[in-house]
Amino acid sequence: MGGKQSRSLPNKELDEVSQRRKSVFRDNQSSLSSAAERIRRHTTVHFGYSTLSLAMRGLDETPAELWELKELQKLNLSMNCLRSLPPALGALENLVILNLWGNNLTSLPPEIGQLKKLRVLFACRNRLSEVPEELGSCNCLEVLSLANNQITGLPSSLGTMHKLTKLNLSHNRIVHIPTCVYSMKGLVFLHLACNRLETIADQIQDLVNLKILIVEGNSIHTLPKTLCFLESLELLNVDFNDLQSVPMEMYLLSRLRRLACHPLDKGLHIIHNPLLKPIQEVLQGGLSALYNYLKPS
């Protein structure tokens, strides 16, 4: 009787096919490992950290062998042409500092949340329009720069970043300060210049450690009186906004000791606002004159 003939290979041939596949796999792994060793030779120890810089290499994609270097603690991929990062980024479990400045990234992979030791992330000057929720799992993050992107907000998960001390969101498309920012109790430095802000929420008073607040170049038309309860504030920059007056409680900001002009000077920066009389005239006598005017008699 003529049934279909089996196309199964004899055991001997199956073994040969299996061996060939294993050999190809070993060769590929060996090639990848050997490439990883080549790139590993470019790592250095800088201030005690295992460091690799691939900055300004014209890279439009990351080399696959890079993600084998699990011992890496500082990685610099700045000023390349990267459009994306692979999920393998999450394999660099010892990473402490990641510099992605000046690429063409439109997103960050969710796997970035696996970098539990990450303390510093520079992702400024890219094309990011959003930030993955998983970034909130990086609870050791102390410095986060997302300046010069196209971001309109932040996920609420970032509110758990209680170790974050410096946050730079300048030159984005933010209309309201993200709610999660008010939960970042450790913030010392908050940079929101050149966005689309019109107001600052009363919750700003929750940032009790804040020393520097920069909101110049927005469309803010009023400052909340709760801002004046930030006793640690040493630099407040509200230049180039739509302020017509200031809160009566501003005299409580005792660490703002002068009217400042230079961007790096501590004090109150309040030029180029349509301030009304008598505030505009009082300010000609300096910050102390303003405070004396505002203090209740």
Query - Closest heavy-atom pair and its distance - Arg258, Leu287 - result: N-CD2, 3.4 Å
Query raised in the report: Shortest non-hydrogen contact from Gln114 to Gly90?
Result: OE1-O, 3.5 Å
Query - Shortest non-hydrogen separation from Gly136 to Met161 and the atoms involved - result: CA-CE, 4.0 Å
Query raised in the report: Val215, Leu259: one ILVMFWY side-chain cluster at the under-4.5 Å cut-off?
Result: yes
Requested in this report: Evaluate side-chain contact (heavy atoms from CB on, under 4.5 Å) for Val238 paired with Leu223, printing each intermediate quantity in order.
Outcome: CA-CA 9 Å; Val238 293; Leu223 296 175; 4.2 Å; yes
Query - Sub-4.5 Å side-chain heavy-atom contact between Leu135 and Pro155 - result: no
Requested in this report: Could you tell me whether a side-chain N or O of Asn195 sits under 3.5 Å from a main-chain N or O of Leu197, the two making a donor and an acceptor?
Outcome: no
Requested in this report: Identify the heavy atoms of Ser245 and Leu275 that sit nearest to each other, and give their distance.
Outcome: N-CD2, 3.9 Å
Query raised in the report: Mind checking whether Ile174 and Leu213 sit in one hydrophobic cluster, side chains of I, L, V, M, F, W, Y counted as touching below 4.5 Å?
Result: yes
Query raised in the report: How many angstroms lie between atom SG of Cys140 and atom CZ of Arg119, to the nearest 0.5 angstrom?
Result: 8.0 Å
Report task. Report yes if the side chains of Thr106 and Leu128 come closer than 4.5 Å at any heavy-atom pair, otherwise no. Result -> no
Query - Derivation of the salt bridge (Lys or Arg N to Asp or Glu O under 4.0 Å) call for Lys163 and Glu142 - result: CA-CA 5 Å; Lys163 292 186 178 180; Glu142 298 173 6; over 6 Å; no
Report task. Could you tell me which non-hydrogen atom of Leu82 sits nearest to which non-hydrogen atom of Thr62, and how far apart they are? Result -> CD2-N, 3.9 Å
Report task. Count the heavy atoms belonging to other residues, nucleotides or ligands that lie under 6.0 Å from CD of Gln150, then report whether that count exceeds 12. Result -> yes
Query raised in the report: Do the side chain of Glu234 and the main chain of Lys266 share a donor and acceptor less than 3.5 angstrom apart?
Result: no
Query - Asn292 side-chain N/O to Leu290 backbone N/O, donor-acceptor pair under 3.5 Å - result: no
Query raised in the report: Is the shortest heavy-atom distance from the side chain of Tyr182 to the side chain of Ile177 under 4.5 Å?
Result: yes
Requested in this report: With the side chain counted from C-beta on, respond yes when Leu52 and Leu54 share a heavy-atom pair under 4.5 Å apart, and no when they do not.
Outcome: yes
Query raised in the report: Under 3.5 Å, side chain of Asn149 to main-chain N/O of Ala147, donor-acceptor pair present?
Result: yes
Query raised in the report: With the 4.5 Å side-chain cut-off for hydrophobic clustering, are Val188 and Met184 part of the same group?
Result: no
Query raised in the report: Please walk me through it: do Cys124 and Ser145 pass side-chain contact (heavy atoms from CB on, under 4.5 Å)?
Result: CA-CA 6 Å; Cys124 40; Ser145 179; 3.7 Å; yes
Query raised in the report: Between Glu65 and Arg38, does a salt bridge (Lys or Arg N to Asp or Glu O under 4.0 Å) hold up when you go through it step by step?
Result: CA-CA 9 Å; Glu65 59 271 16; Arg38 285 197 297 271; 5.9 Å; no
Query raised in the report: Atom CD in Gln205, atom CG in Leu230: separation rounded to 0.5 Å?
Result: 8.0 Å
Query - Heavy-atom side-chain proximity of Leu294 to Val246 below 4.5 angstrom - result: yes
Query raised in the report: Are the side chain of Thr226 and the backbone N or O of Asp202 linked by a donor-acceptor pair below 3.5 Å?
Result: yes
Report summary line: Here the gap from Asn218 atom CG to Ile214 atom CD1, rounded to the nearest 0.5 Å, amounts to 11.5 Å
Report task. Keeping the roles fixed (side chain from His176, backbone from Pro178), state whether a donor-acceptor pair exists under 3.5 Å. Result -> no
Query raised in the report: Phe122 and side chain to side chain contact (heavy atoms under 4.5 Å, CB included): which partner among Asn76, Leu77, Leu100, Val143?
Result: Val143
**Report entry** Trace of the side-chain contact (heavy atoms from CB on, under 4.5 Å) decision for Met250 with Leu268
**Finding:** CA-CA 10 Å; Met250 182 166 274; Leu268 175 63; 4.1 Å; yes
Requested in this report: Check whether any side-chain N or O of Asp265 sits under 3.5 Å from a backbone N or O of Ala260 as a donor-acceptor pair, and report yes or no.
Outcome: no
Query raised in the report: Cluster question for you: counting only ILVMFWY and a side-chain heavy-atom cut-off of under 4.5 Å, with indirect links fine, are Leu75 and Met56 together?
Result: no
**Report entry** Test item: Thr51 side-chain N/O and Tyr49 main-chain N/O as donor-acceptor pair under 3.5 Å
**Finding:** yes
**Report entry** side chain to side chain contact (heavy atoms under 4.5 Å, CB included), paired with Leu72, selected from Val96, Leu95, Asn94
**Finding:** Leu95
Query - Nearest heavy atoms of Trp67 and Pro86, plus distance in Å - result: NE1-CG, 3.4 Å
Requested in this report: Report whether Ile271 and Leu253 are members of the same hydrophobic cluster (ILVMFWY, side-chain heavy atoms less than 4.5 Å apart, transitive linking).
Outcome: no
Report task. With the side chain counted from C-beta on, respond yes when Asn273 and Ile220 share a heavy-atom pair under 4.5 Å apart, and no when they do not. Result -> no
Report summary line: From the list Ser183, Ser137, Cys138, Cys180, side chain to side chain contact (heavy atoms under 4.5 Å, CB included) with Leu158 holds only for Cys180
Query - Salt bridge flag under 4.0 Å for residues Arg83 and Glu61 - result: no
Query raised in the report: Does the side chain of Met79 come within less than 4.5 Å of Trp101's, by heavy atoms?
Result: yes
Report task. With the side chain counted from C-beta on, respond yes when Leu190 and Leu210 share a heavy-atom pair under 4.5 Å apart, and no when they do not. Result -> yes
Query raised in the report: What distance separates Lys117 NZ from Glu93 CD, expressed to the nearest 0.5 Å?
Result: 7.0 Å
Query raised in the report: So how far is it from Leu105 CG to Arg125 CZ, rounded to the nearest 0.5 Å?
Result: 14.5 Å
Report task. Please say whether more than 12 non-hydrogen atoms of neighbouring residues, nucleotides or ligands are located less than 6.0 Å from CD in Glu71. Result -> yes
Report task. Without swapping roles, check the side chain of Asn126 against the backbone of Asn103 for a donor-acceptor pair under 3.5 Å. Result -> yes
Requested in this report: Take atom CD of Gln203 as the centre, draw a 6.0 Å sphere, and report whether it contains more than 12 heavy atoms from other residues, nucleotides or ligands.
Outcome: yes
**Report entry** CA sep, side-chain torsions, deciding dist, call: Leu98, Leu89, side-chain contact (heavy atoms from CB on, under 4.5 Å)
**Finding:** CA-CA 10 Å; Leu98 176 58; Leu89 171 66; 4.3 Å; yes
Report task. First locate atom CD of Glu216, then atom NE2 of His269, and finally report the distance between them rounded to the nearest 0.5 Å. Result -> 8.5 Å
Query raised in the report: With distance as the sole test, does Asn172 use its side chain to make a donor-acceptor pair with the main-chain N or O of Leu146 at under 3.5 Å?
Result: yes
